[in-house]
Engineer: 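Pasting a structure below so you can have a look.
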Amino acid sequence: MFDIPVAYAAMFVGAVGTLVPMWRAHGADCRVRIGHGAMAVSMVAMMVPAVPAGIHLLGGAVLIALAVFVTGETMHRRTAVPCAVDLTAMGVLLLLAPTSAPAPAASAPGPGPGPGPAPSGHHHGGAGISTGWLPLIVLVCWALLALHLYRSTPRRECPGVKFAAAGSALMILGMTPMVV
């Protein structure tokens, strides 16, 4: 559905979105900065064409582990909670991402027509499982949760949360090509 340049542009916007909350992070803890930095590295790694197959599985696991690490921040909950939500959602989407390795052939390779290895490209089902609508559901829940966190924040604390919400929106846009 997406042309490759459009998908890369969306992923680049998502990578920029991971850094947006850090622009106003003078009250944020180092854990939150580490989390946003890891998301930026993950988004940039998705744009590099020569990364090994399955690297997104490792990245997803690391992002989910960082979400647990970020939730240990007790002083700056208003910045830690949205960061943990972003880390978790992006990590789950990476775990559900299609593997770029070709699927094994259904029959023994031989001359003549028959099923051969699947071309690399956009295949649904991370780690070899069929995920169907699950990545889209995760993306929609991520958007709704980010909106809820923004709307439930008192107005006096709103400037930093606006940047976190804008960053979340850009990250969601950046992860959309993986879902579609």
Side-chain angles (χ1 to χ4, degrees), residues 1-2 6-25 27-29 31-47 56-57 59-74 76-98 122 124-127 129-180:
M1 175 178 261
F2 284 104
V6 173
Y8 280 117
M11 286 190 281
F12 178 77
V13 167
V16 171
T18 62
L19 302 175
V20 167
M22 291 175 37
W23 288 335
R24 290 289 302 245
D29 183 58
R31 294 176 185 216
V32 174
R33 292 173 192 246
I34 291 170
H36 282 287
M39 286 187 284
V41 168
S42 175
M43 291 293 291
V44 169
M46 285 188 289
M47 294 187 293
H56 59 278
L57 297 175
V62 167
L63 291 180
I64 291 173
L66 280 171
V68 174
F69 175 69
V70 166
T71 57
E73 169 55 37
T74 56
H76 305 287
R77 297 302 268 170
R78 289 287 179 205
T79 56
V81 171
C83 181
V85 168
D86 294 340
L87 283 164
T88 303
M90 190 179 290
V92 169
L93 286 174
L94 285 173
L95 290 175
L96 295 174
H122 189 84
H124 289 277
I129 59 173
S130 174
T131 56
W133 289 90
L134 189 56
L136 183 61
I137 292 169
V138 170
L139 197 69
V140 169
C141 289
W142 183 9
L144 292 174
L145 198 52
L147 180 64
H148 170 72
L149 289 172
Y150 171 70
R151 296 197 35 97
S152 66
T153 303
R155 291 293 166 218
R156 60 185 165 76
E157 298 178 23
C158 212
V161 175
K162 282 183 184 178
F163 278 88
S168 292
L170 293 174
M171 286 183 264
I172 291 166
L173 175 67
M175 294 300 283
T176 301
M178 290 184 64
V179 174
V180 177

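We count residues from 1, following the sequence as given. As the structure is a computational prediction, the values presented were derived from the model and not from experiment.
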Engineer: Give, for atom CG of Leu93 and atom OG1 of Thr176, the distance between the pair rounded to the nearest 0.5 Å.
Structural biologist: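 Here the rounded value is 9.0 Å.
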
Engineer: Could you report the tightest heavy-atom contact between Pro21 and Phe163, atom names first, then the distance?
Structural biologist: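 Taking Pro21 first and Phe163 second, the nearest heavy atoms are CG-O, 3.9 Å.
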
Engineer: Are the side chain of His36 and the backbone of Leu19 linked by a donor-acceptor contact shorter than 3.5 Å?
Structural biologist: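 Side chain of His36 to backbone of Leu19: no pair is present.
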
Engineer: Quick one: do Trp142 and Thr88 satisfy side chain to side chain contact (heavy atoms under 4.5 Å, CB included)? Show the steps, please.
Structural biologist: CA-CA 9 Å; Trp142 183 9; Thr88 303; over 6 Å; no

Engineer: Tell me whether Ser152 contacts the main-chain N or O of His148 through its side chain, where contact means a donor paired with an acceptor under 3.5 Å.
Structural biologist: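 Here the side-chain-to-backbone pair exists.
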
Engineer: Under 3.5 Å, side-chain donor or acceptor atoms of residues 61-69 against the rest of the protein: list the pairs with distances, not counting sequence neighbours.
Structural biologist:
none

Engineer: Would you compute the distance between atom OG of Ser168 and atom CG of Leu149 and round it to the nearest 0.5 angstrom?
Structural biologist: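 Taking OG in Ser168 and CG in Leu149, the distance rounds to 8.0 Å.
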
Engineer: Which heavy-atom pair separates Ala84 from Thr71 by the least distance, and what is that distance?
Structural biologist: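 What the structure gives for the nearest pair is CB-CG2, 3.7 Å.
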
Engineer: Under the criterion side chain to side chain contact (heavy atoms under 4.5 Å, CB included), I'd like the reasoning laid out for Met43 against Met90: C-alpha separation, chi angles, the key distance, then a yes or no.
Structural biologist: CA-CA 9 Å; Met43 291 293 291; Met90 190 179 290; 3.8 Å; yes

Engineer: Take Arg31 and Cys83 through the side chain to side chain contact (heavy atoms under 4.5 Å, CB included) test and state the conclusion after the steps.
Structural biologist: CA-CA 9 Å; Arg31 294 176 185 216; Cys83 181; over 6 Å; no

Engineer: First locate atom CE of Met11, then atom CE of Met171, and finally report the distance between them rounded to the nearest 0.5 Å.
Structural biologist: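 Taking CE in Met11 and CE in Met171, the distance rounds to 16.0 Å.
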
Engineer: Could you measure the distance from the CG atom of Leu94 to the CG atom of Leu57? Nearest 0.5 Å is fine.
Structural biologist: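 If I round to the nearest 0.5 Å, the distance is 8.5 Å.
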
Engineer: Just verifying a value: how many Å separate Met46 CE and Phe12 CZ, rounded to the nearest 0.5 Å?
Structural biologist: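 If we round to the nearest 0.5 Å, Met46:CE and Phe12:CZ are 13.5 Å apart.
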
Engineer: Say you draw a straight line from CG of Asp86 to CG of Leu170; how long is it, rounded to the nearest 0.5 Å?
Structural biologist: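 It is 10.5 Å, given to the nearest 0.5 Å.
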
